[in-house]
Structure formats: structure tokens, C-alpha cells
K.L.:
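What follows is a structure written as C-alpha cells; I'll ask about it next.
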Amino acid sequence: MNQVQLLYVTVPSRDLATSIGRALIEDHLAACINILGEIDSIYRWEGALTESKEVALIVKTTAANAEAAIARIKALHPAQCPAILALPVSGGFAPFLSWIDSETSA
């Protein structure tokens, strides 16, 4: 079984989150996408303090598919430097982890 990974991604709108999520599922790069509600983000960008409304996605994938999923997200994301983090999963409910593996291996 492939090692499961989570990708944490932020995007500027719910519509874009849905579009990216569907693309990842259709391409078998992710087994499941959770789209979280609107979040407030505060960060420094190009020397200026910035505040924005964003939507967060949690992408359930495998280490084997993470780079391809990141590339697909980047291609669909409007930002020059999108927030995409890959987080390893150290454990979980074995049947669920197996389901993620099987859904991303098709």
C-alpha cells in the first residue's frame, strides 16, 4: 500500500476549490477532497501585510501521486505562489487508508 499524504491548499473562492477538487478526483490523483468554509488569511506578500478571504482544501492522496496532484493544482490555481503543503500521514483507520490507495491507483 502507498503511503497516504494530505495536501493542504488555499484558493481564492469556493468555485475554484470545487473545480480543483473535481479535477483531482476525475484524474485519480486524490480519493477525497474536503472543502472547508471561508477562512481569513493574514500574510506578508512582496513586503506588504496582506489580508484576504480564502477557502481551504484538504486533499487525501498518496505519496506516489502527491507531485502530480501538486502540479495539477498549480496549473489550475491563479496565484503566482499558491499555498500547497504536503503532509505525511503516520497512521489511521486501515480500511480508510486502503480505500485512499485504491482510489488513487486506478
K.L.:
If you look at every heavy atom in Asp101 and Ser105, which pair is closest and at what distance?
P.N.:
O-OG, 2.6 Å
K.L.:
Could you grab the distance from atom CG of Leu97 to atom CG of Asn2, nearest 0.5 Å is fine?
P.N.:
11.5 Å
K.L.:
Starting at NZ of Lys74, measure out to CD of Glu67 and round the result to the nearest 0.5 Å.
P.N.:
11.5 Å
K.L.:
Answer yes if the side chains of Asp15 and Thr18 hold a donor-acceptor pair under 3.5 Å, and no otherwise.
P.N.:
no
K.L.:
Quick one: list whatever passes side chain to side chain donor-acceptor pair (under 3.5 Å) with Ser98, sequence neighbours left out.
P.N.:
none
K.L.:
Could you list who else is in Leu49's hydrophobic cluster, with ILVMFWY side chains joined at under 4.5 Å, directly or through other members?
P.N.:
Ile42
K.L.:
With side chains defined as the heavy atoms from C-beta onward, is the minimum distance between Pro78 and Pro12 less than 4.5 Å?
P.N.:
yes
K.L.:
Is a donor from one side chain sitting under 3.5 angstrom from an acceptor on the other, for Ser41 and Glu54?
P.N.:
yes
K.L.:
Which heavy atom in Gln5 sits nearest to a heavy atom in Ala86, and how many Å separate them?
P.N.:
OE1-CB, 3.9 Å
K.L.:
To which residues is Trp45 joined in a hydrophobic cluster, defined by side-chain heavy-atom contacts under 4.5 Å among Ile, Leu, Val, Met, Phe, Trp and Tyr, whether direct or through other members?
P.N.:
Tyr43
K.L.:
What's the spacing between Ile100 CD1 and Thr62 OG1 if we round to 0.5 Å?
P.N.:
9.0 Å
K.L.:
Listed by chain and number, what are the salt bridge (Lys or Arg N to Asp or Glu O under 4.0 Å) partners of Asp40, not counting sequence neighbours?
P.N.:
Lys53
K.L.:
Determine, stepwise, if the pair Lys60 / Asn34 fulfils side-chain contact (heavy atoms from CB on, under 4.5 Å).
P.N.:
CA-CA 8 Å; Lys60 296 172 189 119; Asn34 297 122; 2.4 Å; yes
K.L.:
Just grab all the ring pair (Phe, Tyr, Trp, His ring centres under 6.0 Å) pairs involving residues 62-99, residues at least two apart or on different chains.
P.N.:
Phe96-Trp99
K.L.:
How does the hydrophobic cluster around Ile35 look, that is, which other residues are in it when side-chain heavy atoms under 4.5 Å mark a link?
P.N.:
Leu7, Val9, Val11, Leu16, Ile20, Leu24, Ile25, Leu29, Ile33, Val55, Leu57, Val59, Ile70, Ile73, Leu76, Ile84
K.L.:
Can you tell me if Asn65 uses its side chain to pair, donor with acceptor, with the backbone of Thr104 under 3.5 Å?
P.N.:
yes
K.L.:
Indicate yes or no for a side-chain donor-acceptor contact from His28 to the backbone of Glu103 under 3.5 Å, with no hydrogens or angles considered.
P.N.:
yes
K.L.:
Starting at OG of Ser19, measure out to CZ of Arg14 and round the result to the nearest 0.5 Å.
P.N.:
13.5 Å
K.L.:
Return the minimal non-hydrogen interatomic distance between Gly47 and Arg44, and the atom names on each side.
P.N.:
O-NH1, 3.8 Å
K.L.:
Compare every heavy atom of Ala56 with every heavy atom of Ile39, then report the nearest pair and how far apart it is.
P.N.:
CD1-CB, 4.0 Å
